[in-house]
Amino acid sequence: KQEVTQIPAALSVPEGENLVLNCSFTDSAIYNLQWFRQDPGKGLTSLLLIQSSQREQTSGRLNASLDKSSGRSTLYIAASQPGDSATYLCAAFNTDKLIFGTGTRLQVFP
Amino acid sequence: GAGVSQSPSNKVTEKGKDVELRCDPISGHTALYWYRQSLGQGLEFLIYFQGNSAPDKSGLPSDRFSAERTGGSVSTLTIQRTQQEDSAVYLCASSFTLYRMGYTFGSGTRLTVV
């Protein structure tokens with residue numbers, strides 16, 4: 001049974017810092033891994049999708065990497081801004097569904 | 001439509017009443033998922049559809065929960081005889097195909113059972 005873990009659970013940083021959010025999964029037989037952002041009281045916004053054959057994906061200040069063999073993915077946020085404050089969720093897709101981690105709650109203060 | 005649409009956005013119901021939650025996926029998306037997010041908890045899988053079929057209903061918490069999808073499009077999640085523990089945000093997601101493609105989520109329905 002796939003289990004997805006995210007570390008740290010919460011993170012508070014000053015504006016401008018570069019951040020790394022970690023995601024680990026127990027079953028490496030995944031089709032893809034997706035990173036989402038969730039603002040308070042809102043739904044999920046997809047940030048990046050990495051296929052199992054890929055090593056990384058980039059979008060603006062975001063870069064996500066995937067290492068299937070070690071069961072890890074990282075989300076790198078460059079030059080963080082207060083607007084990046086949200087909960088970040090990773091989800092591994094294997095067999096037939098997305099399995100979510102419990103998230104990292106990020107606060108970026110001015 | 002341009003995104004996944006869920007209605008209502010908020011629902012307050014009395015304990016024991018039945019509720020219906022609606023999800024309108026992106027046009028052409030064949031896969032549709034329902035998740036539940038309780039306060040302070042992660043996302044819990046409920047059920048998914050491939051077309052109109054539901055290959056995996058294993059996440060439905062009890063027989064009070066049911067879901068259907070018609071015409072390969074709109075899906076409804078029905079909760080009968082609601083209980084306070086059913087209070088949560090119910091999220092729907094869709095994808096063009098079951099595998100390989102990313103999922104787009106709706107804004108959710110916040111259900112409060114009083």
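All values reported here derive from a predicted model rather than from experimental measurement. Chain letters run A, B, ... following the sequence lines, proteins first, then strands; residues in each count from 1.
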Other residues, nucleotides, ligands: >12 heavy atoms within 6.0 Å of R55(A) CZ: no

NZ-OG distance between K97(A) and S58(B), expressed to the nearest 0.5 angstrom: 5.0 Å

Reported CG-to-CZ distance for the pair L91(B) and F100(A), which is rounded to 0.5 angstrom: 8.5 Å

Verdict with reasoning, F45(B) to I99(A), per side-chain contact (heavy atoms from CB on, under 4.5 Å): CA-CA 8 Å; F45(B) 165 79; I99(A) 304 298; 5.6 Å; no

More than 12 heavy atoms from other groups under 6.0 Å of CD on E14(B): no

Chain A contact via E44(B) - side chain, backbone, both or neither, heavy atoms under 4.5 Å: neither

For the student: nearest non-hydrogen atoms of F105(B) and L44(A), plus distance: CB-O, 3.7 Å

Connected via hydrophobic side-chain network under 4.5 Å: L62(A) and Y76(A): no

Ring-ring centroid check Y103(B) F93(A), cutoff 6.0 Å: yes

Most contacts with chain B, counted as non-hydrogen pairs under 4.5 angstrom, among L98(A), T102(A), L89(A): L98(A)

